[in-house]
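To keep things clear, I will list the structure first and then write my remarks on it.
Excluded from the calculations below are hydrogen atoms, water molecules and symmetry mates; all remaining heavy atoms, backbone and side chain alike, are included.
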Amino acid sequence: MMTSSCRINDEVQAPDAKKIKKELKIHNDIRIDNYYWLRDKDNPEVIKYLEDENKYTEQCLQHTEDLQEVIFDEITSRIRARDRSVPYKDNGYYYYHRYEDGKEHPIYCRKKNDLNNREEVLLDVNEMSEGYPYFHISDFSISDNNKFMAFSVDTLGNLKYELRFKDLETGEVLNDRISDTDGESEWASDNKTVFYIKKDETTHREYQLWKHITGTFVGDDKLIYEEKDESFYISVFKSKSDKIIFLGSYNTISTEYRFLPTDKPDDDFKLLIPRQKNHEYFAAAHGKDLFILTNYADAPNFKIVKSDINNPDINSWKEIVPHNKDIFIEDFEVFKDYLVVNERKNGLVYLKIINLKDNSEHYLECKEDVHEIWISDNDEYDSEILRYGYSSLTTPSSYFDYNMRTKENVLLKQKYAGNDFNSDDYKSERLYAKSNNGVKIPISIVYRKGIVLNGENPLLIYAYGSYGYSSDTNFQPSILSLLNRGFVFAVAHVRGGQELGRSWYEDGKLLKKKNTFNDFITCTEFLHQLNWSKPEKTFATGASAGGLLTGAVSNMRPDLYAGIISEVPFVDPVTTMLDETIPLTTEEYEEWGNPADKEYYDYMLSYSPYDQVKKQDYPAMFITAGINDSQVQYWEPAKWTAKLRDYNTGYRPIYFHTTMDAGHSGMSGRYKTYKETAMIYAFILDVLGDE
């Protein structure tokens with residue numbers, strides 16, 4: 001092992017995590033985990049180790065503090081001090097949130113009927129958050145009579161929300177408080193019955209639907225439904241017409257829905273379509289009918305069908321949008337007279353509008369080759385106006401109202417990106433790297449105009465590649481701080497996402513997971529071959545499951561990168577997926593496999609970033625964690641850091657930073673969250689200065 005120390009001050013030594021041998025036995029195989037003890041958050045030695053790591057990182061990067069401050073100021077200067085979201089209308093009120101100068105948190109507001117009317121403040125999160133290191137409002141819902149509000153609060157960052165209630169006429173916050181919820185709630189039309197979801201205390205799985213009557217003792221709440229299958233979780237939501245409440249059960253390959261009329265809160269939820277393995281569907285009410293997005297009957301890219309809500313039998317379905325092997329249907333929005341379909345073709349998203357009266361259809365125009373477009377807030381059922389959002393690597397997020405009848409398009413707001421920002425100064429492109437087996441992998445890149453393809457440009461390349469989540473090419477204001485310093489930013493659309501349809505996802509999960517990592521390596525090599533950059537100036541970044549990717553790549557091809565940033569990385573998949581008490585484990589067997597099965601155990605072990613750490617020179621590393629993270633437990637990156645230090649034969653630094661008051665998403669607040677970003681960017685620039 002090469003002793004790790006600061007580049008600037010050799011007297012500052014990295015924390016040396018003690019080794020306590022732990023044997024993990026299964027399938028006649030024994031793994032030795034010397035850092036298993038770091039799982040015990042109640043052990044003062046664990047907290048001291050995390051704090052020592054933070055101190056070490058801060059000391060080693062102390063010489064970059066001025067640079068961190070400059071970058072932080074750059075990023076926050078692109079946040080408008082006084083800002084307001086685009087108002088959306090729902091049940092006679094316009095809802096929006098706004099920010100006041102210098103304040104971290106939003107103020108949620110509404111106005112009745114007209115935006116010129118008096119503002120009503122619903123929640124001032126700045127006042128509510130006083131005294132809390134972390135404070136986040138997840139969601140809120142309003143009763144049909146507009147008099148009561150349910151809202152959810154997280155003060156730890158562990159995604160377990162306390163549901164609270166407010167009388168909007170008196171301003172009084174009611175005594176009803178419900179802990180351990182997932183943050184969702186829906187009102188029945190009697191304006192007193194609220195349906196909400198509880199999380200399992202240990203695994204955090206959303207598994208129970210409860211009914212609460214406002215003003216009554218929470219202990220008297222009634223359990224409505226419990227999901228017994230530990231691989232499924234549930235959610236609750238209301239139809240756009242507000243006449244139906246849906247209860248959904250999901251895992252990664254199957255769904256099932258039940259429904260209840262909102263005016264009959266004491267009735268039982270009625271099963272829609274029974275679950276079948278590999279059948280995923282989503283339903284939306286349209287009068288007495290349903291529109292259903294489904295992959296049933298050999299439709300891997302999905303199709304949309306219509307059904308009678310009282311007779312949803314598969315044999316009675318009427319096809320509205322057929323399956324297309326070249327077009328993946330991601331989502332849809334239903335209006336009284338229109339259907340809006342969110343399609344993905346050649347890795348890009350488009351919105352198709354269908355007139356339900358005459359079946360005519362057209363697409364919204366997208367003027368850039370590399371773009372993102374999405375359906376935004378559309379709570380009005382009987383409307384011909386579509387609210388949608390648009391962004392690209394060079395265009396800040398923009399919101400439009402589009403008249404689906406007249407095709408009039410009105411820009412409502414484009415997010416502020418700083419007084420010095422001019423989109424004409426930057427250029428984006430779509431490239432394709434070819435893998436060893438001939439698969440073309442899309443790469444989206446953006447850079448400041450004027451760079452020369454001589455291999456000397458610093459490159460930051462990002463990917464995610466799991467759960468079928470597509471890495472879309474949206475505008476990131478913080479990246480401007482790197483682009484303006486000559487960087488190229490690239491998004492590798494690797495397998496495991498759904499950019500190129502369902503098969504793109506299927507080819508990057510379970511026993512094909514290594515395709516994700518190999519695709520990322522291929523994209524990096526391709527950019528080097530075209531002289532966009534070179535290994536000495538290339539940095540890889542990924543978070544959560546994207547941290548699994550960067551972790552695997554750091555073992556497989558450390559020579560390709562000067563530095564790797566792994567934020568809240570999922571790097572110990574074998575141990576985690578063998579422990580059913582850890583949140584998300586049982587829900588994710590269809591994503592990673594169950595290592596209790598030897599075939600999956602062997603395969604996962606072969607790419608596990610933690611298990612595959614070896615004696616070699618590693619790139620510079622910046623690894624993060626959140627102490628209250630319920631999605632990737634803090635100990636995974638903590639153990640990985642300790643093992644990397646033990647095995648690293650190189651000279652480059654390995655830093656580990658834990659947010660001690662937050663979870664998976666980092667600090668709350670629109671400014672504070674960028675403190676860590678500024679530190680990471682300073683780390684990247686510091687490493688470049690070493691080369």
Side-chain angles (χ1 to χ4, degrees), residues 90-93 95 97 106-112 118-125 127-132 135-156 159-201 206-226 234-239 241-247 258-270 379:
D90 185 22
N91 195 24
Y93 280 83
Y95 290 86
H97 64 267
I107 301 170
Y108 292 97
C109 309
R110 69 177 183 178
K111 293 183 178 181
K112 188 174 183 179
R118 179 184 62 87
E119 177 182 88
E120 179 183 349
V121 173
L122 304 175
L123 300 171
D124 185 338
V125 186
E127 293 180 359
M128 299 169 69
S129 64
E130 289 182 7
Y132 292 95
F135 195 94
H136 178 62
I137 299 290
S138 168
D139 195 14
F140 67 84
S141 59
I142 307 293
S143 62
D144 283 7
N145 63 5
N146 291 311
K147 294 182 179 180
F148 296 96
M149 177 186 201
F151 63 97
S152 50
V153 175
D154 178 9
T155 58
L156 294 174
L159 303 183
K160 293 180 79 171
Y161 296 92
E162 181 178 75
L163 189 62
R164 304 179 186 177
F165 300 88
K166 184 175 182 178
D167 185 325
L168 298 179
E169 291 189 326
T170 66
E172 176 190 7
V173 176
L174 307 183
N175 292 326
D176 318 37
R177 293 198 174 193
I178 306 170
S179 61
D180 296 332
T181 81
D182 76 335
E184 300 178 36
S185 62
E186 293 294 350
W187 292 83
S189 56
D190 63 2
N191 301 301
K192 63 180 182 179
T193 303
V194 178
F195 293 92
Y196 65 92
I197 290 171
K198 293 274 280 187
K199 287 191 169 188
D200 180 88
E201 186 175 343
E206 297 93 347
Y207 78 119
Q208 290 180 336
L209 180 72
W210 288 77
K211 181 169 67 175
H212 174 69
I213 308 298
T214 53
T216 66
F217 176 51
V218 170
D220 292 335
D221 287 0
K222 183 178 179 181
L223 175 63
I224 302 301
Y225 176 82
E226 181 171 347
I234 65 173
S235 69
V236 63
F237 61 95
K238 194 182 288 188
S239 67
S241 64
D242 291 331
K243 293 182 179 180
I244 295 173
I245 294 175
F246 287 99
L247 166 64
R258 291 169 170 79
F259 66 96
L260 176 75
T262 55
D263 61 355
K264 297 179 180 180
D266 295 325
D267 284 6
D268 294 329
F269 277 79
K270 183 179 178 181
D379 291 311

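Put simply, the side chain of Y161 does not reach to within 4.5 Å of the side chain of L163, judged on heavy atoms. In this structure, the side chains of M128 and F135 come closer than 4.5 Å at one or more pairs of heavy atoms. Taking the side chain as every heavy atom from C-beta outward, F246 and E186 never approach each other to under 4.5 Å. No side-chain heavy atom of T181 sits under 4.5 Å from any side-chain heavy atom of E206. With a 4.5 Å cut-off on side-chain heavy atoms, E226 and Y207 count as touching. Counting heavy atoms from C-beta on, the side chains of V153 and I137 come closer than 4.5 Å. The side-chain heavy atoms of E120 and Y93, taken from C-beta on, include a pair separated by under 4.5 Å. Contact annotation: the side chain of L122 approaches that of L168 to within less than 4.5 Å [non-hydrogen atoms, C-beta and beyond].
Summarising the local packing, CG of N175 is surrounded by 12 or fewer heavy atoms from other residues, nucleotides or ligands at distances under 6.0 Å.
Under the 3.5 Å distance criterion, the side-chain polar atoms of S185 are left unmatched by any main-chain donor or acceptor of Y196.
Considering CG of D124 and CD1 of I107, their distance stands at 4.0 Å, rounded to 0.5 Å. Atoms OG and CZ, on S141 and F151 in that order, are 11.0 Å from each other to the nearest 0.5 Å. Atoms CZ and CD1, on R258 and I245 in that order, are 15.0 Å from each other to the nearest 0.5 Å. To the nearest 0.5 Å, the span separating CG on D221 from OG1 on T216 amounts to 6.0 Å. Atoms NZ and NZ, on K264 and K270 in that order, are 10.5 Å from each other to the nearest 0.5 Å. Taking CZ from F259 and CG from L247, the interatomic distance works out to 12.0 Å, rounded to the nearest 0.5 Å.
Nearest heavy atoms, K198 versus S179: NZ-O, 3.0 Å. The two residues M149 and L123 come nearest to each other via the heavy atoms CE-CD1, 3.5 Å. Summarising the geometry of V121 relative to C109, their closest heavy-atom pair is CG2-SG, 4.3 Å, with the distance given to 0.1 Å. The shortest heavy-atom contact between V236 and E184 is O-OE1, 2.8 Å. Across all their heavy atoms, T193 and P265 have their closest contact at CG2-CB, 3.9 Å.
In summary, K238 and D144 engage in a salt bridge, as defined by a charged side-chain N under 4.0 Å from a carboxylate O. Note on D180 versus K160: salt bridge recorded, some NZ/NE/NH1/NH2 to OD/OE distance being below 4.0 Å.
With sequence neighbours left out, the side-chain contact (heavy atoms from CB on, under 4.5 Å) criterion links E162 to R164, R177. Scanning for side chain to side chain donor-acceptor pair (under 3.5 Å) contacts around E119 gives Y96, R98, with sequence neighbours left out. With sequence neighbours excluded, the residues satisfying side-chain contact (heavy atoms from CB on, under 4.5 Å) with I224 are F195, L209, K211, K222, F269. F148 meets the side-chain contact (heavy atoms from CB on, under 4.5 Å) test with S143, N145, D167, W187; sequence neighbours excluded. Every residue two or more places apart in sequence or in another chain that forms a side-chain contact (heavy atoms from CB on, under 4.5 Å) with D139 is listed here: S152. Take S239 and apply the side chain to side chain donor-acceptor pair (under 3.5 Å) test, not counting sequence neighbours, and it matches S241.
Both tests do not hold together for R110 against Y95: distance to the six-membered ring centre under 6.0 Å, angle to the ring axis within 45°.
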Please report the C-alpha distance between N146 and N91 in whole Å, then the side-chain angles of each, then the deciding distance to 0.1 Å, and finally whether the side-chain contact (heavy atoms from CB on, under 4.5 Å) criterion is met. CA-CA 8 Å; N146 291 311; N91 195 24; 3.5 Å; yes
Side chain to side chain donor-acceptor pair (under 3.5 Å) for H136 and D154? Distances and angles first, verdict last. CA-CA 5 Å; H136 178 62; D154 178 9; over 6 Å; no
